[in-house]
Amino acid sequence: MTVAESPLDPPAGVPAGERPDPGAAAGGPGRTGRAGRGSRRSPWRQPLAVTGFVVLALWTLVAVFAPALAPYDPDAQAFDTLQAPSGAHLFGTDEVGRDVLSRVLFGARISLPYAVILVVAAMLIGAVLGGLAGYFGGWVDAVVMRLADLVFAFPGIILALAIAAALGPQLRNAVIAVVVVSWPSYARLVRSLVLSARGAQYVVSSRLLGASGLRTLVVDIRPNSAGPVFVMAALDVGNAVLLLSGLSFLGLGAQPPTAEWGAMVAAGAQNFDRWWVGLFPGLAILTVVLAFNFVGDTLRDVLDPRTAREVRA
Amino acid sequence: MTAPLLRLRDVAVEYGRGAARVRAVDGVDLDVRPGEILGLVGESGCGKSTLGRAATGLEPLARGTVEFLGRPVEPAGRRRRGADLRRLQMVFQDPYASLNPRRKVGELIADGVVLGGGRRADGLRRARELLERVGLPGDAVGSYPHEFSGGQRQRIAIARTLAADPACIVADEPISALDASAQAQVANLLSELVAEASLGMVFVSHDLSVVRQVAHRVAVMYLGRIVEIGDTATVWSDPRHPYTEALVAAIPRADGAGTLPVDLPGDVPDPAAPPSGCHFHPRCPLVQDRCRVQDPRLEPVAGRSAACLVRAPGSGNRAGAVPLTGPGRP
């Protein structure tokens, strides 16, 4: 089978994290890069970190250049249905005769940007609400954190399902649903960071100089608390990809004929004996999620070993 | 006498609730006048830092009042600090914690001007002047705090408070975290600033030899109370409270003949359950029966005030004259 040799096949080659990438192993970026300073802990020497970065870089390229890379129109039902992988269709064709490889490549244009957008949105909402709750305490804190508890009380995917179903099956609504279930984690983290930073001497000294609470929050506390939040966000993108794909798999996210990995896996589940229909989009999800987790772990180690525990907890 | 800048009356600060309540500061009166450095000394945990924080409004008072320039110092809350209170500033012990590591030195100092309503450009100009005043190059405005040593950072922190044009500064162990060489520089700088601008300063320290050098008056604290207060020279040459006496005797001397306070058995008692009567009586070499039941007040004696039933038996103590006995130093 020619599948493994395909240059357009980053997912199949990488997941185990064992393949030392030639480009990264040369250590080029590590010597001069900012992260390269701590020689022994340098992320450029950790195989998982390098794997994560490389996989993400490849997927990003795929997302950007999908029209050039894809051999066929992803939505064209132009071929015989359910063909096994072959030279003409490296990943085979699906139940309505579309090229699976082209659809997997175009799927990167859905999953990656939407996941990033929703994580950024959840992070911003959570950070602002959590920051206000932590700094001002009192009823602001009570309202925000009870709202967060309300969300925490449900399993994330169930709540997202309910919200997406209520809003109507549409990719945009799925994103909103995932944002709604994601922001409380950020609010909780930022609140705790602000609570501990609020008593810091540099904050007190700014207050003595006449700074308002909001100013110290933005000028003094924010830059010193951003690290752990970014780490959490990086770790969360993988999660967001999974949740979004999950909603699409269940028919509540991307609607046909959109080439979306979760929806494609769902089609694969309908045609279980035709393994290629579901396997390749599934591998795409797997590699992206793993890569984001590797990168998130690495970021956490590099940015702040202390907060690693808080983020995990 | 000039009017005090900072006036504390019957100040008490408590931590905790119910049975776990600790009275960290218990009924302290203090005045700080322009051009004066008031040294506040005592062992760890005696409440001197808490008193300093209470004086700037950083600790809520359980009792008593703090006035700055005739106005009550409001506790630091969520609201912005009033413009008049900006002239009451604080220098913290740890210059690694009191400067925001993510902001440039110039911005940090300019805050003093900007937060008072000034323009940023004026603030940066002032920052250069102040940096030079505290002995650093004006170009330091473009650097981050981590590029400086502890002593330099403390001078930056001082420049930051100076930018707010303070009338009174509470310095909480300002040199305790510094190297010996930097200690002297920063202590001298603070002395000069007080003399130049007629500032008032509360200098909190556990280092008696430094307080002796810089402070005009000294207040000795024990377990939340001031046990002796007076001109530094007077208190030092002839301490009247047995606790002060033990502290002064414990200062190492240049010939290496420093003595340990052998006449102070035991540790500081648990402030949550202070001893009855005079708080110092379990460790006092002069202890008498009434010390265990009667609470001494500060009474004038020999040019200063001391709270000792034996050594400073004023009218309020109702104790009659007692001859100075015990291991007094010659």
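Nothing here was measured: the structure is a model prediction, and the numbers come from that model. Here is the naming used below: chain letters follow the sequence lines, and residue numbers restart at 1 for every chain.
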Worksheet item: Within 45° of the ring axis of F148(B) and under 6.0 Å from its six-membered ring centre, is that where the NZ or CZ of R155(B) lies?
Response: no

Worksheet item: T216(A) versus chain B, heavy atoms under 4.5 Å apart: side chain, backbone, both or neither?
Response: neither

Worksheet item: Any Lys/Arg nitrogen of E67(B) or R9(B) sitting under 4.0 Å from an Asp/Glu carboxylate oxygen of the other?
Response: no

Fill in: Proximity breakdown for R87(B) and chain A, heavy-atom pairs closer than 4.5 Å
neither

Fill in: Salt bridge flag under 4.0 Å for residues D94(B) and R153(B)
no

Fill in: More than 12 heavy atoms of other groups within 6.0 Å of Y114(A) OH
no

Worksheet item: So how far is it from R119(B) CZ to L124(B) CG, rounded to the nearest 0.5 Å?
Response: 11.0 Å

Worksheet item: P101(B), A157(B), G116(B), G112(B): which one forms the most heavy-atom pairs within less than 4.5 Å of chain A?
Response: P101(B)

Practice prompt. Counting only heavy atoms closer than 4.5 Å, note whether R86(B) contacts chain A via side chain, backbone, both or neither.
Written response: both

Response to the item:
Most contact-rich option vs chain B, by heavy-atom pairs under 4.5 angstrom, among V204(A), V203(A), I221(A), is V204(A)

